[in-house]
Amino acid sequence: MRAVTWHGRADVQVDTVPDPEIQEDTDVIVEITSSGICGSDLHLIEVMAPFMSKGDVMGHEPMGVVREVGSAVSAVAPGDRVVVPFNVSCGTCWTCSQGLQSQCETTQNREEGFGASLFGYTKLYGQVPGGQAEYLRVPFGNTLPIKVPGDAADDRFVYLSDVLPTSWQAVQYAATPPGGTVLVLGLGPIGDMCTRIAAHLGLRVVASDIVPERIARATARGTEVIRSTDQADVVGAIRELTDGRGADAVIDAVGMEAHGSTGAQLAQKATALLPDSLMAQVMKVAGIDRLAAFNTAIEAVRRGGTVSLSGVYGGATDPVPLMRMFDKQIQLRMGQANVWRWVPDIMPLLVEGDPLGVDDFATHRVPLEEAPQAYANFREKKDGAVKVLLQP
């Protein structure tokens with residue numbers, strides 16, 4: 001089959017790789033019809049490169065049609081349309097029963113000290129082949145795939161794999177009081193969807209970004225946008241909008257790639273100069289994140305407010321302003337999204353209509369063979385690329 005594979009920093013290619021096969025009696029084989037490119041995928045060809053291997057199949061936002069099932073699978077059958085969550089979770093262990101699928105005890109990567117495995121991600125998370133491919137082996141066929149109804153276009157459901165539950169969790173973790181103000185830092189796919197969900201839930205939504213295409217998408221749906229990412233500008237603007245207090249909650253949808261942290265930016269670039277085997281060890285004990293967005297969140301949230309992190313961070317010992325956080329009595333929540341925890345809340349919004357605008361959420365739909373250029377455009381914010389779907 002054809003698949004998007006990792007070949008090095010800033011280097012993805014489309015290769016012919018072996019077709020996946022049933023390995024356990026609970027496996028299913030899914031023919032992929034759509035698979036998103038995520039901001040987290042960019043981390044794999046940048047900061048997280050030391051934890052990748054040449055030929056790794058990428059992608060963790062797939063959906064498609066079941067083509068083959070193991071002998072013990074009864075929940076789905078060949079011909080069913082399914083979305084595949086990015087968490088590789090069993091659905092039956094203790095943590096899964098607590099709605100913590102991203103911490104699944106069955107697939108935890110204990111040797112690395114990390115949580116549940118993820119499709120198409122690093123050695124730290126199991127190095128499981130991903131879904132930017134023609135076919136995907138999906139374990140736990142009775143509990144992991146999300147069966148979707150009807151014959152609506154993939155766009156209606158594909159974001160259940162990651163974008164929707166990640167954004168929903170970010171908004172829920174923000175715990176903004178009814179009618180309160182939530183500030184979203186970054187209007188990439190996750191930040192954009194956070195603004196839509198927050199508005200749907202009746203909150204006042206303000207966002208910060210500088211990319212014209214992203215700003216246009218958000219303002220078209222009624223979001224107030226601060227057209228700057230400079231900390232002083234953002235903090236000053238949100239305080240003006242909230243009687244001097246700051247936002248009730250701030251969602252950091254930027255993470256480790258934030259601009260503005262010159263020292264950390266230089267440290268990240270320096271990683272490319274070291275052998276990956278050495279850099280992998282350094283990253284496990286060093287702080288390598290650009291913390292501009294996180295520090296802005298700490299300053300922009302009101303006293304007693306909540307900061308919700310959905311942007312991915314990768315540093316092991318990043319300096320955190322605990323004195324400031326303690327003084328402001330800030331609550332902080334974060335973590336990989338627990339996809340199945342939120343599916344019952346989200347699915348009705350997809351079946352009964354399109355209040356979140358998923359049908360036209362993608363800016364680009366391209367053939368799998370064009371993935372390298374699509375990655376480059378998304379990485380460099382060219383051609384108005386905000387959300388890209390690959391379609392084998």
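Everything numeric in this text was worked out from a predicted model, so none of it was measured.
For the pair T223 (side chain) and V225 (backbone), a donor-acceptor distance under 3.5 Å is absent. A donor-acceptor distance shorter than 3.5 angstrom exists from the side chain of R156 to the backbone of G353, with no hydrogens or angles considered. In this structure, the side chain of Q231 does not engage the main chain of A292 through any donor-acceptor pair within 3.5 Å. Side chain of N377 to main chain of A374: no donor-acceptor pair is present (N/O by atom type, distance under 3.5 Å, no hydrogens or angles). Side chain of R196 to backbone of L356: a donor-acceptor contact under 3.5 angstrom is found. Put simply, the side chain of W340 gets close to the backbone of L144: a donor and an acceptor are under 3.5 Å apart. Side-chain atoms of K328 come within 3.5 Å of backbone atoms of I298 as a donor-acceptor pair (strictly under, hydrogens ignored). T95 places a side-chain N or O within 3.5 Å of a backbone atom of Q103 that can act as its donor or acceptor partner. A donor-acceptor distance shorter than 3.5 angstrom exists from the side chain of S117 to the backbone of T107, with no hydrogens or angles considered. Under a 3.5 Å cut-off, the side chain of S228 and the backbone N or O of D230 do form a donor-acceptor pair.
Ion pairing between R379 and E46 holds under the 4.0 Å rule for side-chain N and carboxylate O. Under 4.0 Å is where a charged nitrogen must lie from a carboxylate oxygen, and between D154 and R81 at least one such pair does.
Checked by atom type, the side-chain pair D56/Q127 shows a donor-acceptor distance below 3.5 Å. D209 and T229 are not linked by any side-chain donor-acceptor pair at a separation below 3.5 angstrom, with hydrogens and angles left out of the test. Side-chain contact of R333 with T306: a donor-acceptor pair under 3.5 Å is absent, judged by distance alone. For the residue pair N295 and E299, no side-chain donor N or O sits within less than 3.5 Å of a side-chain acceptor on the partner. In this model, a donor atom of one side chain and an acceptor atom of the other lie less than 3.5 Å apart for T5 and D15.
Within the structure, the salt bridge (Lys or Arg N to Asp or Glu O under 4.0 Å) test picks out the following pairs touching residues 120-142 (sequence neighbours left out): D27-R137. Judged as a ring pair (Phe, Tyr, Trp, His ring centres under 6.0 Å), the pairs with a partner in residues 86-113 (not counting sequence neighbours) are, in order, H60-F86. Pairs passing the salt bridge (Lys or Arg N to Asp or Glu O under 4.0 Å) check and including a residue from residues 94-105, sequence neighbours excluded, do not occur. The ring pair (Phe, Tyr, Trp, His ring centres under 6.0 Å) pairs that include a residue from residues 18-41 number zero, where partners must be two or more places apart or lie in different chains. Under the ring pair (Phe, Tyr, Trp, His ring centres under 6.0 Å) criterion, no residue pair touches residues 362-387, with sequence neighbours excluded. Screening residues 231-253 for salt bridge (Lys or Arg N to Asp or Glu O under 4.0 Å), with sequence neighbours left out, gives D243-R245, D248-R302. The salt bridge (Lys or Arg N to Asp or Glu O under 4.0 Å) contacts involving residues 334-343 comprise R341-D345, where partners must be two or more places apart or lie in separate chains.
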Query raised in the report: Hey, mind stepping through V12 and M58 against side chain to side chain contact (heavy atoms under 4.5 Å, CB included) and telling me if it holds?
Result: CA-CA 9 Å; V12 297; M58 300 177 67; 3.5 Å; yes
**Report entry** Full working for side chain to side chain contact (heavy atoms under 4.5 Å, CB included) between V206 and L241
**Finding:** CA-CA 9 Å; V206 183; L241 294 170; 4.1 Å; yes
Query raised in the report: Is there a side chain to side chain donor-acceptor pair (under 3.5 Å) between N142 and T26 once you walk through the steps?
Result: CA-CA 7 Å; N142 289 316; T26 52; over 6 Å; no
Query raised in the report: Should D80 and V65 be marked as a side chain to side chain contact (heavy atoms under 4.5 Å, CB included) after you check the CA-CA gap, both sets of side-chain angles, and the distance that decides it?
Result: CA-CA 6 Å; D80 287 342; V65 179; over 6 Å; no
Query raised in the report: After noting the C-alpha distance and the side-chain angles of T143 and T92, does the key distance pass the side chain to side chain contact (heavy atoms under 4.5 Å, CB included) rule?
Result: CA-CA 8 Å; T143 52; T92 56; 4.2 Å; yes
Query - Derivation and outcome, salt bridge (charged side-chain N to carboxylate O under 4.0 Å, His left out), residues K387 and D192 - result: CA-CA 10 Å; K387 187 61 185 179; D192 187 344; over 6 Å; no
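Summarising the geometry, atom OG belonging to S35 is positioned 6.0 Å from atom CG belonging to L390; distances are rounded to the nearest 0.5 Å. Atom-to-atom distance recorded for L349:CG and D354:CG is 9.5 Å, nearest 0.5 angstrom. In this structure, the separation between CG on D25 and OG on S71 is 4.5 Å, given to the nearest 0.5 Å. Here CD of Q101 is found 11.5 Å from OG1 of T106. Values are rounded to the nearest 0.5 Å. Considering CG of D162 and CG of N87, their distance stands at 8.5 Å, rounded to 0.5 Å. Within the model, atoms CG of L44 and CE of M52 stand 4.5 Å from one another, a figure rounded to the nearest 0.5 Å.
Checked against side chain to side chain contact (heavy atoms under 4.5 Å, CB included), S161 has the following partners two or more places apart in sequence or in another chain: E61, P62, V83. Residues forming a salt bridge (Lys or Arg N to Asp or Glu O under 4.0 Å) with E224 (at least two apart in sequence, or on another chain): R204. Shown here are the ring-ring contact (aromatic ring centres under 6.0 Å, His included) partners of Y125, two or more places apart in sequence or in another chain: F114. With sequence neighbours excluded, no residue satisfies ring-ring contact (aromatic ring centres under 6.0 Å, His included) with F119.
More than 12 heavy-atom neighbours from other residues, nucleotides or ligands sit within 6.0 angstrom of CG on D327. For CD of Q329, the number of neighbouring non-hydrogen atoms (other residues, nucleotides, ligands) closer than 6.0 Å is 12 at most.
In this structure, I346 is not a member of the same hydrophobic cluster as L100, with clusters built from ILVMFWY side-chain heavy atoms closer than 4.5 Å. If you chain together hydrophobic residues whose side chains sit under 4.5 Å apart, V351 and W342 fall into the same group. Residues V138 and L160 do not share a hydrophobic cluster, clusters being chains of Ile/Leu/Val/Met/Phe/Trp/Tyr side chains in contact below 4.5 Å. Residues F361 and V211 do not share a hydrophobic cluster, defined by chaining ILVMFWY side chains whose heavy atoms lie under 4.5 Å apart. Put simply, I37 and Y121 are part of the same group of oily side chains (I, L, V, M, F, W, Y) that touch within less than 4.5 Å, one to the next.
Between V163 and M193, the closest side-chain pair of non-hydrogen atoms falls below 4.5 Å. Residues V76 and V82 meet the side-chain proximity criterion, which asks for heavy atoms closer than 4.5 Å.
The heavy-atom pair separating I251 from A174 by the smallest distance is CG1-CB, 4.0 Å. Heavy atoms only, all atoms of each residue included: C104 and A116 are closest at N-CB, 3.6 Å. Among all heavy-atom pairs drawn from P145 and P85, the shortest one is CA-CD, 4.4 Å. P177 and L203 get closest at one heavy-atom pair: O-CD2, 3.5 Å.
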Quick one: side chains of residues 184-191, donor-acceptor pairs under 3.5 Å with protein atoms, not counting sequence neighbours, listed by atom name and distance.
none

